[in-house]
Amino acid sequence: MVRFISATLLIALIGACGGSSLPPAKVAETQSAISAAAAVGADANPQAALHLKMARDQLKQAQGLVNDGNDDDARLVLERANADAEVALMITRESVASASARKAEADVQQIGTKN
Amino acid sequence: MKFVYLLSPLMLAVLGACATAGPSPELVDARRAYDEARQSSAATYSPDKLLTAKQALERAEASHGDDAGSFEEKSLAYVAQRKSQYATVYGDYEKARRDQATAAQAYRQRQDDLRHKAEKTTADTQRSLAATWDNLSNARKEIASQQSQIQKTKAELDAEKEAREKAEKTSAAALASLAKIAQVKDEQRGIVITLDGSVLFVTGKAELLPIARDKLNEVAKALKEMDDDKLASIEGFTDSRGADDTNMKLSQDRANAVRDYLASQGVKGEKLRAVGRGEASPVASNETPEGRANNRRVEIVIQTSAQAAAGMKR
């Protein structure tokens with residue numbers, strides 16, 4: 001709920017600035033991906049954390065560009081932020097899934113040695 | 001020659017323009033990332049993500065064609081690189097999920113195998129235990145049966161012992177009462193009851209005197225108390241006066257008379273044996289009247305069958 005309010009507020013702020021705005025759906029999607037990545041533990045995974053940081057930074061940068069009236073660059077930077085957020089989320093998910101797969105395979109190895 | 005001079009600066013200008021139109025580092029990265037993605041498990045597990053990456057790269061390439069080196073080209077190339085990276089990681093993610101599912105399935109299968117094996121082992125053990133239990137139960141029944149038999153045998157032995165003790169006691173009492181009227185001795189050949197001949201018979205005859213009957217009644221009573229395995233050998237003796245043949249016959253007749261009387265008093269006939277011994281085996285000197293009186297006698301020998309068999313040989 002807090003996340004939803006934050007995202008909505010951010011969209012509103014970005015929309016309110018400079019008379020121009022970023023595509024709200026894209027902003028929401030990006031914010032959602034950032035939140036999801038953080039929720040699954042991206043901050044604890046160095047590679048995912050790097051992409052998450054870039055996503056956050058670029059989202060702010062996009063907002064700054066809108067404020068400067070540079071809407072075209074702002075949209076491009078927002079796309080970058082979105083791409084990084086998605087990569088951060090997927091790296092984290094892949095890391096968890098791989099760990100689970102390794103554990104499952106180790107379990108099979110272990111049970112395989114039982115009589 | 002002038003044409004050449006005119007052409008050369010133009011070519012340089014064109015070449016220079018081509019040099020500035022080279023791909024941005026972002027585009028180079030994006031192309032490489034896409035190539036890697038195509039080689040990765042994304043081709044198998046996430047072809048749709050790979051397609052998205054391809055489209056993103058095409059956008060970047062188009063931008064490069066439209067406005068090489070522009071911020072748009074770099075940004076779109078940046079995004080394309082991330083999309084390829086995303087496709088690669090997504091392929092790894094899908095592969096990991098499938099690997100996990102396969103391993104989980106194998107694990108469940110192995111668990112089932114182990115459970116079935118354990119169930120079989122348990123069933124085998126239970127059957128074995130049941131068989132052992134049956135054996136044990138049978139062994140217990142056998143033991144109980146044997147104990148019961150032992151108890152029964154013990155009870156029978158006790159009863160027999162008690163009966164024997166009672167019989168011996170009765171027999172002893174009977175013998176004790178006999179001792180008042182006759183000489184009773186415990187010898188190797190058996191218990192010997194010696195009755196004075198003069199008390200039993202008229203001299204030279206084999207007829208019982210009336211008083212003899214009282215004494216023989218006591219003897220009969222004692223003999224009836226005897227164990228079933230005992231026999232009574234009734235042996236007649238004379239002194240040395242008279243002919244041997246006569247003495248032998250007289251002693252036999254007297255023994256017979258005693259036997260017949262005892263039988264008439266209820267002593268079982270098959271347990272009685274009459275033997276005439278004549279003047280043999282004197283117990284005193286035949287030279288004196290007292291000695292001869294002692295030699296004229298009837299001995300009733302109560303003996304076991306073994307003792308009786310030994311007595312027959314004499």
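All heavy atoms count here, side chains included; hydrogens, waters and symmetry mates do not. First the proteins, then the strands, lettered A, B, ... as listed; each starts at 1.
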Residue pairs fulfilling ring pair (Phe, Tyr, Trp, His ring centres under 6.0 Å) with at least one residue in residues 93-141 of chain B, sequence neighbours excluded =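 Qualifying pairs: Tyr90(B)-Tyr93(B).
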
Chain A contacts: which residues in residues 35-60 of chain B have a non-hydrogen atom closer than 4.5 Å to it?
->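 Arg59(B), listed by number.
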
Report, by ascending residue number, the residues of residues 70-83 of chain B in heavy-atom contact with chain A at a distance under 4.5 Å; give 'none' if the set is empty.
->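 The residues closer than 4.5 Å to chain A, in numerical order, are Phe71(B), Glu72(B), Lys74(B), Ser75(B), Leu76(B), Tyr78(B), Val79(B), Arg82(B), Lys83(B).
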
Check step by step if side chain to side chain contact (heavy atoms under 4.5 Å, CB included) holds for Ile111(A) and Gln111(B).
-> CA-CA 8 Å; Ile111(A) 199 174; Gln111(B) 271 186 322; 3.5 Å; yes

Rounded to the nearest 0.5 Å, what separates atom [atom1] in [X] from atom [atom2] in [Y]?
{"X": "Thr88(B)", "Y": "Met90(A)", "atom1": "OG1", "atom2": "CE", "value": "11.5 Å"}
{"X": "Gln85(B)", "Y": "Gln47(A)", "atom1": "CD", "atom2": "CD", "value": "6.0 Å"}
{"X": "Gln100(B)", "Y": "Asp107(A)", "atom1": "CD", "atom2": "CG", "value": "10.0 Å"}

Neighbour count above 12 (heavy atom, 6.0 Å) for Glu270(B) CD =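 Atom CD in Glu270(B) is crowded, with more than 12 foreign heavy atoms closer than 6.0 Å.
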
CD (Glu162(B)) with more than 12 external heavy atoms under 6.0 Å |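 No, not enclosed.
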
Please examine the side chains of Val89(B) and Val87(A), heavy atoms only from C-beta on, and report whether any two atoms are closer than 4.5 Å.
->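 The answer is no, as the side chains (C-beta and beyond) never meet within the 4.5 Å cut-off.
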
Side chain to side chain, Glu105(A) and Asp99(B), heavy atoms closer than 4.5 Å =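 Yes, side chains in contact.
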
Not counting sequence neighbours, which residues clear salt bridge (charged side-chain N to carboxylate O under 4.0 Å, His left out) with Asp113(B)? List them please.
->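 Result, salt bridge (charged side-chain N to carboxylate O under 4.0 Å, His left out) vs Asp113(B): none returned.
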
Specify which of Ser98(A), Ala101(A), Ala104(A) makes the most heavy-atom pairs with chain B at under 4.5 Å.
->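 Of the candidates given, the most pairs with chain B belong to Ala101(A).
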
Among Arg75(A), Gln109(A), Arg102(A), His51(A), who wins on heavy-atom pairs under 4.5 Å with chain B?
->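 Max contact count across the listed options: His51(A).
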
Please report the shortest heavy-atom distance between Arg97(B) and Ala97(A), naming the atom on each side.
->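 That closest heavy-atom pairing would be CG-CB, 4.2 Å.
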
Do you know which of Ala104(B), Ala118(B), Ala106(B), Ala103(B) has the most heavy-atom pairs with chain A at a distance under 4.5 angstrom?
->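 Of Ala104(B), Ala118(B), Ala106(B), Ala103(B), Ala103(B) has the most heavy-atom pairs under 4.5 Å with chain A.
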
